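Here the structure comes first, spelled out in structure tokens, and everything after it is commentary.
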Amino acid sequence: MSVLDSFSLAGKRALVTGGNRGLGEAFARGLAEAGAQVMISGRDEERNAAAVASAASDGLTLHSVVADITKDADIAAMTAATVETLGGIDILVNNAGICYHRDSWDVPDDEWDHVFDLNVRALFKCSRAVGEHMKATGGSIVNIGSISAMIVNRPQNQAAYNASKAAVHQLTKSLAAEWAPYKIRVNAVSPGYVKTEMAPVDEPQFKRMWIEDSPQQRYAVPSEIAGSVVFLASDAAAFCTGTILVIDGGYTVY
Ligand code: NDP
């Protein structure tokens with residue numbers, strides 16, 4: 001197999017949670033461009049449909065399913081719908097996540113719970129639900145971590161998010177170790193600042209510490225992170241498991 005062929009996802013079936021906008025949409029499109037059949041999920045049916053239509057206008061096929069993955073029943077239904085539509089699942093991108101900017105003294109219980117229910121619990125439950133379908137033949141799980149697992153972002157405070165992403169990185173390594181016998185690889189991509197609805201990178205109050213503190217002096221756009229997800233999902237990363245791939249324009253070198 002040539003090195004470029006090892007990046008091909010032809011014949012693979014992928015599920016991207018939170019795939020209707022931002023990073024998840026770019027990951028879904030990247031996986032489809034690399035040859036995979038792709039299902040996206042999100043809570044908002046209209047946004048799901050818009051992402052499918054936008055991809056179609058560029059000649060890419062995406063399928064969508066409505067799911068709130070903080071609910072176990074929705075995870076089961078999303079997984080079943082993906083298996084039925086695509087005929088199985090070889091790749092899971094655990095992308096859906098939430099972040100609140102809040103001083104720790106003021107974080108209400110329901111906000112803390114929302115962050116951990118989505119960023120950690122749902123990621124674990126999706127991994128297990130989909131992992132059951134990968135057990136027989138193997139597969140690749142790509143978790144979306146963050147530089148927030150390694151550094152404390154400034155100037156905004158977001159302790160719950162930072163702790164949740166540290167949990168994602170450690171869960172990645174734990175499942176990689178435990179599921180290697182099933183030929184299920186588990187890796188994470190750890191992005192720096194990327195322009196999406198979650199990260200208001202253009203707001204002036206963030207410029208000094210989000211942009212000027214970074215060696216490249218810029219933020220990324222979502223498509224710049226997609227290649228890393230395609231790599232980890234593909235046979236090019238066959239010897240790669242438990243890896244945290246940091247894609248941050250150099251932010252964490254300081
Ligand atoms: P966005 O807020 O732009 O998108 C979040 C996505 O998650 C949407 O598709 C949303 O769809 C979906 N989602 C939210 N809640 C749920 C839920 N309960 N069930 C199912 N889907 C849900 O975020 P980004 O694209 O910026 O972030 C994507 C991932 O990348 C996150 O894990 C984030 O932590 C991580 N990340 C982002 C960085 C950045 O700078 N942007 C940097 C580092 C990491 P819907 O609303 O329809 O449910």
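FYI, side chains are in, hydrogens and waters are out, and symmetry mates aren't considered; it's all heavy atoms of this structure. Just so it is clear, the structure is predicted and the values come from calculations on it, not from any experiment.
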task: Please tell me if the side chains of I141 and V130 come closer than 4.5 Å, counting only heavy atoms from C-beta onward.
output: no
(request) Apply side chain to side chain contact (heavy atoms under 4.5 Å, CB included) to the pair I225 and S223, showing each step before the final yes or no. (result) CA-CA 5 Å; I225 316 297; S223 59; over 6 Å; no
Residues passing the salt bridge (charged side-chain N to carboxylate O under 4.0 Å, His left out) test with D72, sequence neighbours excluded, are R121, K125
Residue set satisfying salt bridge (charged side-chain N to carboxylate O under 4.0 Å, His left out) with D248, at least two apart, ordered chain then number -> none
Hydrophobic cluster membership, V38 vs V66, 4.5 Å side-chain cutoff
no
Residues 187-194 side chain polar contacts: donor-acceptor under 3.5 Å, at least two apart:
from: N187; atom 1: OD1; to: T241; atom 2: N; distance (Å): 3.4
from: N187; atom 1: OD1; to: G242; atom 2: N; distance (Å): 3.2
from: N187; atom 1: OD1; to: T243; atom 2: N; distance (Å): 2.9
from: N187; atom 1: ND2; to: C240; atom 2: O; distance (Å): 2.9
from: S190; atom 1: OG; to: S146; atom 2: O; distance (Å): 3.0
from: S190; atom 1: OG; to: I147; atom 2: N; distance (Å): 3.3
from: Y193; atom 1: OH; to: N153; atom 2: ND2; distance (Å): 2.9
from: Y193; atom 1: OH; to: W210; atom 2: NE1; distance (Å): 3.1

Heavy-atom closest pair (V230 atom, A34 atom, distance to 0.1 Å) is CG1-CB, 3.9 Å
So side chain to side chain donor-acceptor pair (under 3.5 Å) across residues 165-176, not counting sequence neighbours, yields N143-T172
By side-chain contact (heavy atoms from CB on, under 4.5 Å), S6 pairs with (sequence neighbours left out) M1, V3, A236
Output for pair (S127 OG, L175 CG), nearest 0.5 Å, gives 6.0 Å
- prompt: If two hydrophobic side chains count as joined below 4.5 Å and joins carry through other members, does L62 share a cluster with L9?
  reply: yes
To the nearest 0.5 Å, atom CZ of F27 lies from atom CG of N95 at 5.5 Å
Practice task
Walk me through it: do L86 and M39 pass the test side chain to side chain contact (heavy atoms under 4.5 Å, CB included)?
Solution key: CA-CA 8 Å; L86 306 185; M39 174 74 81; 4.1 Å; yes
D74 side-chain N/O to D68 backbone N/O, donor-acceptor pair under 3.5 Å: yes
Correct closest heavy-atom pair for V52 and S64 would be CG2-CB, 3.8 Å
- Query: If two hydrophobic side chains count as joined below 4.5 Å and joins carry through other members, does I75 share a cluster with I89?
  - Reply: yes
To the nearest 0.5 Å, atom CG of N162 lies from atom OG of S104 at 10.5 Å
Joint hydrophobic cluster, I91 plus F124, side-chain heavy atoms closer than 4.5 Å:
no
Correct closest heavy-atom pair for G139 and M134 would be CA-SD, 3.9 Å
Sorted by chain and number, sequence neighbours left out, salt bridge (charged side-chain N to carboxylate O under 4.0 Å, His left out) with K12 holds for none
Practice problem: Would you indicate whether the side-chain heavy atoms of M78 and C126 approach each other to under 4.5 Å? | Solution: yes
Quick note, side chain to side chain donor-acceptor pair (under 3.5 Å) partners involving residues 54-63, not counting sequence neighbours, are R29-S54, R29-D58
Point to revise | Check against side chain to side chain contact (heavy atoms under 4.5 Å, CB included), V93 and T17 | key: CA-CA 6 Å; V93 183; T17 67; over 6 Å; no
Heavy-atom distance under 4.5 Å between the side chains of Y219 and S214, does that happen here? no
Practice problem: Please examine the side chains of N157 and H101, heavy atoms only from C-beta on, and report whether any two atoms are closer than 4.5 Å. | Solution: no
Sorted by chain and residue number, the side-chain contact (heavy atoms from CB on, under 4.5 Å) partners of Q205 (sequence neighbours excluded) come out as E203
Requested in this report: Using atom types as modelled and distance alone, determine if a side-chain donor or acceptor of D44 lies under 3.5 Å from a backbone N or O of E46.
Outcome: yes
Are any side-chain N or O atoms of N48 and backbone N or O atoms of N20, one a donor and one an acceptor, separated by less than 3.5 Å?
no
Sorted by chain and number, sequence neighbours left out, salt bridge (charged side-chain N to carboxylate O under 4.0 Å, His left out) with R154 holds for D213
Cluster link M198 to V120, ILVMFWY, side chain under 4.5 Å:
no
message = Any side-chain to backbone donor/acceptor pair from Q37 onto R13? Under 3.5 Å, distance only.
response = no
Would you be so kind as to tabulate the donor-acceptor pairs closer than 3.5 Å made by side chains of residues 106-114, with sequence neighbours excluded?
from: E111; atom 1: OE1; to: R102; atom 2: NE; distance (Å): 3.4
from: E111; atom 1: OE1; to: R102; atom 2: NH2; distance (Å): 2.4
from: E111; atom 1: OE2; to: R102; atom 2: NE; distance (Å): 3.1
from: H114; atom 1: ND1; to: Y100; atom 2: OH; distance (Å): 2.6

| field | Test side chain to side chain contact (heavy atoms under 4.5 Å, CB included) applied to F231 and L245, step by step | value | CA-CA 10 Å; F231 163 63; L245 185 52; 4.1 Å; yes
For V253 and P215 the tightest heavy-atom approach is CG2-CG, 3.7 Å
Taken to the nearest 0.5 Å, the spacing of Q217 CD from K207 NZ works out to 8.5 Å
So CG of L123 and CD1 of I144: to nearest 0.5 Å the spacing works out to 9.0 Å
Taking every heavy atom of Y161 against every heavy atom of C99, the minimum-distance pair comes out as CD1-CB, 3.4 Å
Could you tell me whether a side-chain N or O of T82 sits under 3.5 Å from a main-chain N or O of A14, the two making a donor and an acceptor?
no
For E197, the side-chain hydrogen bond (donor to acceptor under 3.5 Å, both in side chains) test, sequence neighbours excluded, returns R21, R47
L23 and T196 have their tightest heavy-atom pair at N-CG2, 3.9 Å
Taken to the nearest 0.5 Å, the spacing of R128 CZ from L92 CG works out to 14.0 Å
Here the salt bridge (Lys or Arg N to Asp or Glu O under 4.0 Å) pairs for residues 177-196, sequence neighbours left out, are K195-D202
